[in-house]
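The structure under discussion appears below in the form of structure tokens.
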Amino acid sequence: MKQSRTMSMVEAAANVVFGYVLAIGTQIVVFPWFGIETGLAEHLTIGLAFVGVSLARGYLLRRLFEAIRVRNR
């Protein structure tokens, strides 16, 4: 079954949202181990800095693998 471009974007977005929440939680736990003290606003901003890159990466990789799958039929 072929995945549409729209569903590729939905999947990538869901992955990024879940990853964002997980990253914020991880930062809150791990940063203090390295002596990095930040507030919640900074954690959210740091996480947002990577959201666009993660979304593009997930979408482009999904489309690449879909193109490979279609080509190898």
| request: Identify whether Leu40 and Leu48 are in the same connected component of the hydrophobic contact network (ILVMFWY, side-chain heavy atoms under 4.5 Å). | output: yes

| field | Separation of Ser8 OG from Leu60 CG (nearest 0.5 Å) | value | 10.0 Å

| message | Pair Ile46, Ile24 - check side chain to side chain contact (heavy atoms under 4.5 Å, CB included), show working. | response | CA-CA 9 Å; Ile46 291 166; Ile24 299 304; over 6 Å; no

| query | Is there a path of hydrophobic side-chain contacts, each under 4.5 Å between heavy atoms of I, L, V, M, F, W or Y residues, that connects Trp33 with Ile36? | reply | yes

| Sub-4.5 Å side-chain heavy-atom contact between Ile28 and Thr38 | no

| query | How many angstroms lie between atom CZ of Arg62 and atom CG of Asn15, to the nearest 0.5 angstrom? | reply | 9.5 Å

| query | Is there a path of hydrophobic side-chain contacts, each under 4.5 Å between heavy atoms of I, L, V, M, F, W or Y residues, that connects Val16 with Phe18? | reply | no

| Shortest non-hydrogen contact between Tyr20 and Leu44, atoms and distance | OH-O, 3.0 Å

| task | First locate atom NE2 of His43, then atom OG1 of Thr26, and finally report the distance between them rounded to the nearest 0.5 Å. | result | 10.5 Å

| task | Go through Arg5 and Tyr59 one step at a time and tell me if the side chain to side chain contact (heavy atoms under 4.5 Å, CB included) criterion holds. | result | CA-CA 9 Å; Arg5 293 186 195 304; Tyr59 177 76; 3.9 Å; yes

| query | Checking salt bridge (Lys or Arg N to Asp or Glu O under 4.0 Å) for the pair Glu66/Arg63: CA distance, chi angles, key distance, verdict? | reply | CA-CA 5 Å; Glu66 179 64 17; Arg63 296 315 307 162; 5.5 Å; no

| According to a 4.5 Å side-chain heavy-atom criterion applied to Ile, Leu, Val, Met, Phe, Trp and Tyr, with indirect links allowed, do Val29 and Leu22 form part of one hydrophobic cluster? | no

| request: For Glu42 and Gly39, indicate whether the former's side chain and the latter's backbone hold a donor-acceptor pair under 3.5 Å. | output: yes

